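Here is the structure we will look at, set down as structure tokens.
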Amino acid sequence: MADTSQRRTNYRKVKLTAVKPGDASGVEIPPLPGGPLPGESGPLVHADREPGPVTDAEALGALRRREAIALASMYAESSPQALADAGFPPTLDEALRTMLSTAMPKWDSKAKPVSNRLAAPLLALMAARAELEGVKVNAWLELTVWEKLAEPVRDPAEVAKAYEEMKRRTVVAERVGLHP
């Protein structure tokens, strides 16, 4: 058992606040050598791309845009001293030049926690499926997402239609008494 008698008390207490991503519009992302990546200057658009799975360039461009928005939000809402105490450069421009990803993260890099809201029946079904397939839920979810990402990107209208069908067959059906 871990010794909890000596707790670390010298944590840096710095308040970094972020605003809504839309509030950080107009952020200029310094391009990588070779020019801007798809998704860096705005959301990726299905009609503007070649058919196939998501590319590393699209993923890196979208990642850099999300990182830039997060940095802009922090610089807009945090005090210069709080930013300095947390180890951030003095200006947003310098942070954008030095802190944005320049390559896709490695597959063996530390996993990042995510938070998503899923309907309770989906969680129960997912846990049962993972159990039946002999893996933990996280491994099952990683594998399922990895397999799905290998498929070609679907048209947004097709995805919206599939989502509506799922909701019709689950939530709406339950509300009108079609599920026991």
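Only this structure's heavy atoms are used, side chains among them; waters, hydrogens and symmetry mates stay out. These figures come from a predicted structure and were not determined experimentally. For reference, positions follow the sequence shown, starting with 1.
- Heavy atoms from other residues, nucleotides or ligands lying under 6.0 Å from CZ of R49 number more than 12.
- A side-chain hydrogen bond (donor to acceptor under 3.5 Å, both in side chains) check over residues 134-161, counting only residues at least two apart or in different chains, returns the pairs E133-W140, K148-E151.
- Counting only heavy atoms from C-beta outward, the side chains of P90 and Y75 never approach each other to under 4.5 Å.
- Two residues are said to be in side-chain contact when any heavy atoms from C-beta on lie closer than 4.5 Å; L37 and E58 fail this criterion.
- Hydrophobic cluster membership differs between L60 and I69, with clusters built from Ile, Leu, Val, Met, Phe, Trp and Tyr side chains linked at under 4.5 angstrom.
- Atom-to-atom distance recorded for R175:CZ and K167:NZ is 8.5 Å, nearest 0.5 angstrom.
- Taking hydrophobic clusters as Ile, Leu, Val, Met, Phe, Trp and Tyr residues chained together by side-chain heavy-atom distances below 4.5 Å, V145 shares a cluster with L123.
- Hydrophobic clustering (side-chain heavy atoms under 4.5 Å, transitive across Ile, Leu, Val, Met, Phe, Trp, Tyr) keeps M126 apart from V171.
- Closest approach of P38 and L44 over heavy atoms only: C-CD2, 3.6 Å.
- L143 and V137 are not part of a single hydrophobic cluster, where members link through side-chain heavy atoms under 4.5 Å apart.
- Residues P36 and I29 form no side-chain contact, since every pair of their non-hydrogen atoms from C-beta on lies 4.5 Å or further apart.
- Under 4.0 Å is where a charged nitrogen must lie from a carboxylate oxygen, and between R64 and E40 at least one such pair does.
- The distance from atom CD of Q81 to atom CG of D85, rounded to the nearest 0.5 Å, is 4.5 Å.
- Of the charged side-chain nitrogens involved, at least one lies within less than 4.0 Å of a carboxylate oxygen, so that E165 and R168 count as a salt-bridged pair.
- Considering only heavy atoms from C-beta on, V27 stays 4.5 Å or farther from L71 through its side chain.
- By the side chain to side chain donor-acceptor pair (under 3.5 Å) test, S41 pairs with no residue at all, sequence neighbours left out.
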Please report, to 0.1 Å, the donor-acceptor pairs under 3.5 Å made by any side chain of residues 91-109, with sequence neighbours excluded.
unit_1	atom_1	unit_2	atom_2	d
T91	OG1	E94	N	3.1
T98	OG1	E94	O	2.8
S101	OG	E67	OE1	3.2
S101	OG	E67	OE2	2.6
S109	OG	K106	O	2.7

